[in-house]
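Both ligands and their constituent atoms are indexed starting at 1 by order of listing. What you see is a predicted model, and the numbers here were worked out from it, not measured in a lab.
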Amino acid sequence: MLDDLPAASTPAWADTRARLRDAARVCVLTGAGMSAESGIPTFRDALTGLWSRFDPAQLASEEGFRADPALVWNWYAERREGVRRAEPNAGHHALAAWSARRPGRVTVVTQNVDDLHQRAGQRGVIRLHGDILAARWLQDCPRRPACDIAEADDGAPPRCPRCGNLLRPGVVWFGEALPEGALDAATHAADNCHVMLVVGTSGAVWPAAGLAGRARRAGARVVIVNPHPSEIDDEAHAVLRGTAARVLPRLLALDGP
Ligand code: APR
């Protein structure tokens with residue numbers, strides 16, 4: 001069963017399995033790599049990453065949205081369609097099933113704006129960077145709550161008929177603060193876990209990238225799952241070189257109930 005992941009027989013795997021089995025509290029930090037095998041492009045992978053084809057300043061910032069609302073709105077509309085077409089992969093399902101066997105002991109903190117963890121049945125996901133399937137007003141509007149996305153037929157973002165306020169994607173853009181409650185909850189989970197599993201992130205964006213170091217300094221065992229080196233590998237006690245959909249089912253399923 002493990003022969004297609006030769007590394008799975010190394011001591012690092014066995015040690016990680018044992019620690020995950022025995023840990024009273026586990027924090028799992030996920031990034032775009034978690035959804036890569038569901039067909040959702042990452043941001044920084046050299047050839048396929050979104051930022052190799054698009055300018056983040058133009059497409060993932062309030063300034064970029066104000067400069068060209070239709071361009072940004074349509075780019076997110078395309079990404080939303082990609083998320084809706086995607087399915088959770090074996091990694092999402094393995095993590096959700098393993099978490100369900102440990103009620104109250106596993107906290108998933110994600111940088112991802114898709115809903116694949118949730119659709120795999122993962123409960124209590126802490127979203128650090130928002131939700132691409134949600135929308136909110138560009139200007140805070142006490143009169144009207146954020147509404148579901150009603151795709152404007154002309155491709156421009158929906159506009160409030162009364163005041164002209166624009167709807168914008170419900171994600172955190174560069175230069176914006178993370179949702180306060182989410183960051184506090186994620187920090188609490190990192191400071192209080194016994195094992196932190198970091199899956200599919202380059203560790204390029206703070207404050208999310210700082211959570212692994214926080215966990216380590218608080219005494220947690222930090223293990224990274226990533227087919228490639230990341231900017232936070234030095235924070236890890238162990239690195240399991242492999243993809244989310246191949247590593248997680250093998251790492252977690254063997255643990256048993
Ligand atoms: N399984 C696991 N990891 C993978 C896989 C896979 N199948 N494929 C790629 N990876 C790894 C890459 O090696 C890389 O380290 O996933 C990571 C993806 O890195 P990024 O594209 O930088 O994504 P992420 O770390 O989530 O970016 C953080 O940056 O642009 C912002 O808001 C955006 O939330 C995002 C944040």
Side-chain angles (χ1 to χ4, degrees), residues 4-5 7-8 28-62 64-65 72 75-76 79-80 82-83 86-95 108-117 120 125-134 168-179 182-183 186 196-213 223-236 239-252:
D4 62 344
L5 264 180
V28 184
L29 172 66
T30 65
M34 183 77 222
S35 299
E37 285 151 295
S38 296
I40 297 180
T42 64
F43 294 92
R44 295 174 183 82
D45 277 332
L47 296 179
T48 59
L50 289 171
W51 299 149
S52 65
R53 292 177 282 142
F54 298 98
D55 173 7
Q58 187 185 21
L59 292 173
S61 70
E62 183 174 326
F65 180 72
V72 174
W75 184 63
Y76 276 91
R79 287 180 60 201
R80 277 198 295 278
V83 167
E87 291 297 330
N89 61 54
H92 294 106
H93 287 299
L95 180 57
V108 172
V109 176
T110 190
Q111 300 170 87
N112 298 339
V113 294
D114 62 53
D115 61 346
L116 298 185
H117 278 303
V125 178
I126 296 172
R127 291 178 180 270
L128 290 178
H129 295 164
D131 176 0
I132 199 167
L133 300 179
R168 52 156 287 177
V171 300
V172 177
W173 277 331
F174 287 107
E176 295 184 327
L178 272 58
L183 185 55
M196 174 174 271
L197 201 54
V198 181
V199 184
T201 183
S202 60
V205 173
W206 290 69
L211 293 171
V223 180
I224 284 179
V225 175
N226 196 324
H228 307 298
S230 78
E231 295 184 28
I232 51 175
D233 278 11
D234 291 347
E235 299 292 1
V239 176
L240 307 184
R241 281 283 172 249
T243 69
R246 286 160 51 96
V247 169
L248 293 183
R250 290 159 180 80
L251 186 67
L252 303 177

Chemist: Determine, stepwise, if the pair Thr110 / Thr30 fulfils side-chain hydrogen bond (donor to acceptor under 3.5 Å, both in side chains).
Modeler: CA-CA 5 Å; Thr110 190; Thr30 65; 2.7 Å; yes
Chemist: Nearest protein heavy atom to atom 9 (C) of ligand 1, by residue and atom, and its distance?
Modeler: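 Atom 9 (C) of ligand 1 sits closest to the protein heavy atom Asp45 OD2, 3.2 Å.
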Chemist: Measure from atom 18 (C) of ligand 1 to every heavy atom in Gly200, Gly31, Gly242 and give the option owning the shortest one.
Modeler: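 Selected option, by shortest heavy-atom distance: Gly200.
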Chemist: Taking only heavy atoms of Ala32 into account, list the atoms of ligand 1 that are under 4.0 Å away from them.
Modeler: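 Matching atoms, with element in brackets: 23 (O), 24 (P), 26 (O).
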Chemist: Is it possible for you to check whether Arg79 lies under 6.0 Å from the centre of the six-membered ring of Trp75, through NZ or CZ, and within 45° of that ring's axis?
Modeler: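 Judged by the rule (NZ or CZ under 6.0 Å from the ring centre, within 45° of its axis), Arg79 counts as positioned above Trp75.
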Chemist: Record the part of Ala244 in heavy-atom contact with ligand 1 below 4.0 Å; permitted values are side chain, backbone, both and neither.
Modeler: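 Both the backbone and the side chain of Ala244 come within reach of ligand 1.
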Chemist: With a cutoff of 4.0 Å, is Pro227 in contact with ligand 1, counting heavy atoms of the residue only?
Modeler: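 Pro227: in contact with ligand 1 (<4.0 Å).
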Chemist: What are the atoms of ligand 1, with element, lying closer than 4.0 Å to any heavy atom of Glu37?
Modeler: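 Ligand 1 atoms under the 4.0 Å threshold to Glu37: 1 (N), 6 (C), 7 (N).
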Chemist: Quick check: does any side chain N or O of Ser38 sit under 3.5 Å from a backbone N or O of Ile40, one acting as donor and the other as acceptor?
Modeler: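 The answer is no, because no donor-acceptor pair under 3.5 Å joins these two groups.
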Chemist: At a non-hydrogen distance cut-off of under 4.0 Å, which region of Ser202 contacts ligand 1 (side chain, backbone, both, or neither)?
Modeler: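 Both of them.
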Chemist: Given side chain to side chain contact (heavy atoms under 4.5 Å, CB included), test Ile224 with Ile232 step by step and report yes or no.
Modeler: CA-CA 9 Å; Ile224 284 179; Ile232 51 175; 4.1 Å; yes
Chemist: Measuring from atom 29 (O) of ligand 1, which candidate in Gln111, His228, Arg44 has the nearest non-hydrogen atom?
Modeler: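 Checking each option, the heavy atom nearest atom 29 (O) of ligand 1 is found in Arg44.
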Chemist: State, to 0.1 Å, how close Ala32 and Asn112 come at their nearest heavy-atom pair, and which atoms those are.
Modeler: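 For Ala32 versus Asn112, the nearest heavy atoms are N-OD1, 3.0 Å.
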Chemist: Check ligand 1 against Ala36 and write out every atom of the ligand that is under 4.0 Å from a heavy-atom position of the residue.
Modeler: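 Here the atoms of ligand 1 in question are 7 (N), 8 (N).
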Chemist: Less than 4.5 Å apart, any side-chain heavy atom of Val198 and any of Val225?
Modeler: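 Heavy-atom side-chain distance check fails, nothing below 4.5 Å.
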Chemist: Nearest 0.5 Å, what's the CD-CG distance between Gln111 and Leu211?
Modeler: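 One finds 8.0 Å between CD of Gln111 and CG of Leu211.
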Chemist: Do Val28 and Leu95 touch side chain to side chain, with heavy atoms closer than 4.5 Å?
Modeler: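 Yes - at least one pair of side-chain heavy atoms lies under 4.5 Å apart.
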Chemist: Looking only at protein heavy atoms, identify the closest one to atom 25 (O) of ligand 1 and say how far it is in Å.
Modeler: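 Ranked first by proximity to atom 25 (O) of ligand 1 is Thr201 OG1, 2.6 Å.
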Chemist: Treating Asn89 as the side-chain partner and His92 as the backbone partner, does any N or O pair qualify as donor plus acceptor under 3.5 Å?
Modeler: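 Looks like yes, one N/O pair under 3.5 Å.
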Chemist: Have a look at ligand 1 and work out which part of His129, if any, has a heavy atom under 4.0 Å from it: side chain, backbone, both or neither.
Modeler: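 The side chain, only.
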Chemist: Find all atoms of ligand 1 within a distance of less than 4.0 Å from any non-hydrogen atom belonging to Phe174, and give their numbers and elements.
Modeler: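 Per the distance check, 30 (O).
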Chemist: Polar-atom distance check: Phe43 versus ligand 1, any N or O pair below 3.5 Å?
Modeler: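 Yes, there is a polar N/O contact under 3.5 Å.
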Chemist: Select one of side chain, backbone, both or neither to describe which atoms of Thr243 lie under 4.0 Å from any atom of ligand 1, heavy atoms only.
Modeler: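 Within the 4.0 Å criterion, Thr243 contacts ligand 1 through backbone and side-chain atoms alike.
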Chemist: Would you indicate which of Asn226, Val205, Leu240 comes nearest to atom 13 (O) of ligand 1 when only heavy atoms are counted?
Modeler: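 The option holding the nearest heavy atom is Asn226.
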Chemist: For ligand 1, which atoms sit closer than 4.0 Å to a heavy atom of Trp51?
Modeler: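 Those atoms are 30 (O).
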Chemist: Judging by distance only, is a nitrogen or oxygen of Gly33 under 3.5 angstrom from one on ligand 1?
Modeler: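 Min N/O separation from ligand 1 is below 3.5 Å for Gly33.
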Chemist: Are Arg241 and Asp233 within salt-bridge range, i.e. N to O under 4.0 Å?
Modeler: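 The answer is yes: the pair qualifies as a salt bridge.
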Chemist: Between Ser35 and Asp114, what is the shortest heavy-atom contact and its length?
Modeler: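 Scanning both residues completely, I find the closest heavy atoms to be OG-OD2, 2.6 Å.
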